[in-house]
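Mind looking over this structure? Questions follow.
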Number of protein chains: 2
Amino acid sequence: MAKIKTRNNGTKKAVIVQHAAMLFKSKSYSASSMRDLAERVGVEAPSLYNHIGSKSELLQSICFTVGNTFIEQIEQIANSHHSIVHKLETIIRFHISMMAENFDEIYVANHEWKHLKEPYLSDFLNIRRNYEKRLVQLITAGIENKELQPINPYVAVLTILSAVRGLEFWQRNKKNISRQELENDMVNLLLHGIIK
Amino acid sequence: MAKIKTRNNGTKKAVIVQHAAMLFKSKSYSASSMRDLAERVGVEAPSLYNHIGSKSELLQSICFTVGNTFIEQIEQIANSHHSIVHKLETIIRFHISMMAENFDEIYVANHEWKHLKEPYLSDFLNIRRNYEKRLVQLITAGIENKELQPINPYVAVLTILSAVRGLEFWQRNKKNISRQELENDMVNLLLHGIIK
DNA sequence: CAGCAAAACTAACGCTAATTAGTTTTTAAA
DNA sequence: TTTAAAAACTAATTAGCGTTAGTTTTGCTG
């Protein structure tokens, strides 16, 4: 009979993936060994293979969960009926909240996707390109709209995405500033360089 | 007699370090092997050890060259007699030019410093903290000065540094936009969120 | 309590890694 | 042309990797 391998709230695989995200974040994918991971999970390395297929499957799981979450979110926001400025603000705040609540996975997806194997590597890059394209469209619409300054939309997207990604440095220095203050200041800083 | 191992313009060690930067950038430090590196240099792996001490020495060399370059530059700019806004603009443009002209080393210093061994790891992090501290001081002075908006200086530094670091994505898509346009747009975008 | 599948374990395989030892080739000055 | 150091080579060492095979333990179900 199929036994559900739960521990509190999820499958054992989910537990392993979560530990993998923390491990890959702190040591990088290539420098992390399955023996390291096993130790964190509290098990011998070969036992992991009762639950997962391979080391690289862990990376895939992390990267695509993150990628799909962002794609879903931007579709939902883009299809809503608000001003472009409001949509941009919502997107920026979503990035910040993801950074605060799912830091490990996002860090890994941002830094370790390079080690995905084909065809997953290409798939992941497509997801990312798609996300950027939607953001460019949004900003372009805002410029035609006269809501936004006539800047190069590509530069705006690059700047916004880089700034929110940079919140990983805030994660290391959380004491310096509260999330609320950070979120508001960053939204203002980024939007005031754009809004007309 | 000490023979100078030059090839065109530098020591053989410099050639190896440059190849190492390109290799570490494309495959990450941990996933790069000395055999990979040797192949790029055009030599067998053990031959590298006639010129370098170890793999990790290569990473040290890359990270500290980059770190010291930025520290020197910010000291020079901070000690100059210009407005804060002008100093900030100069710093941002310096980052962009470094990103354009020394991309491999900067990418590696930004992404692979984690694999430095002690005490180099601590030294490197100190350099970086120092750099950020100087930037925070500059922006704080600009706020007291009334040149800048009364925002949180830490957020401003975080945003600026992240945005210029994000130029690594531009490096992959250089066709989309010229460096001049990028440089001007980004300087405007960042400063207009700050300037009073 | 019996039985059975899930999931743990130990042992080991085949590879690849960084590095060292020892030797030969190259290079350039005397 | 001799010579000696610099820098290349081959071969080997030690260590760790992801993963598989085979076996034992665990814990639920009847």
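Here is the naming used below: chain letters follow the sequence lines, and residue numbers restart at 1 for every chain.
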Given atom CG of A/Leu37 and atom P of D/dT19, what is their separation to the nearest angstrom? 11 Å
Neighbours of DNA chain C within residues 16-30 of chain B, by heavy-atom distance under 4.0 Å: none
Can you check whether A/Ser32's main-chain N or O pairs, donor with acceptor, with A/Lys27's side chain at less than 3.5 Å? no
To the closest 0.5 Å, what do you measure between NZ (A/Lys13) and CG (A/Asn50)? 13.0 Å
Report which part of the nucleic acid B/Ser56 touches: base, sugar-phosphate, or nothing (heavy-atom distance under 4.0 Å, all strands). nothing
Checking C/dA7, D/dA8, D/dT19 against the side chain of A/Asn50 (C-beta onward), the nearest is C/dA7
Rounded to whole Å, the CE-P distance (B/Met34 to D/dT14) equals 20 Å
Indicate yes or no for a side-chain donor-acceptor contact from A/Glu112 to the backbone of A/Leu59 under 3.5 Å, with no hydrogens or angles considered. no
Any donor-acceptor pair under 3.5 Å linking the side chain of A/Ser28 with the backbone of A/Phe24? no
Would you say B/Lys12 reaches D/dA8's phosphate, i.e. side-chain N/O to OP1/OP2 under 4.0 Å? yes
C/dA17 OP1/OP2 closer than 4.0 Å to side-chain N/O of B/Lys55: no
Report yes or no: does B/Lys25 contribute a side-chain atom to a donor-acceptor pair with the main-chain N or O of B/Phe103 at less than 3.5 Å? no
Rounded to whole angstrom units, what separation is found between the CG atom of A/Leu58 and the C1' atom of D/dT19? 13 Å
In this structure, CG of B/Leu189 is separated from CD1 of A/Ile160 (nearest 0.5 Å) by 7.5 Å
To the nearest Å, how far apart are B/His115 NE2 and C/dA18 C1'? 15 Å
At less than 4.0 Å, is any side-chain N or O atom of B/His51 found next to OP1 or OP2 of D/dA8? Yes or no. yes
Can a salt bridge be assigned to the pair B/Arg93 and B/Glu89 using a cut-off of 4.0 Å between side-chain N and carboxylate O? yes
Residue mapping more 5' on DNA chain C - nearest nucleotide basis, A/Leu48 or B/Ala45: A/Leu48
If you check every side-chain atom of B/Ser33, which of D/dA8, D/dT19, C/dA18 has the closest atom? C/dA18
Mind calculating the distance between CD (B/Glu39) and C1' (D/dA8) to the nearest angstrom? 17 Å
Do A/Arg35 side-chain and D/dG16 base share a donor-acceptor contact under 3.5 Å? no
Please pick, from C/dT20, C/dC9, D/dT19, the nucleotide with the shortest atom-to-atom distance to any side-chain atom of A/Glu44. C/dC9
When we call it a touch if two heavy atoms are under 4.0 Å apart, what does B/Ser47 touch: a base, just sugar-phosphate, or nothing? base
Between OH of B/Tyr49 and P of D/dT10 the distance, given in whole Å, is 17 Å
Measure from the side chain of B/Pro46, starting at C-beta and using heavy atoms only, and say which of C/dT19, D/dA8, C/dA18 lies closest. C/dT19
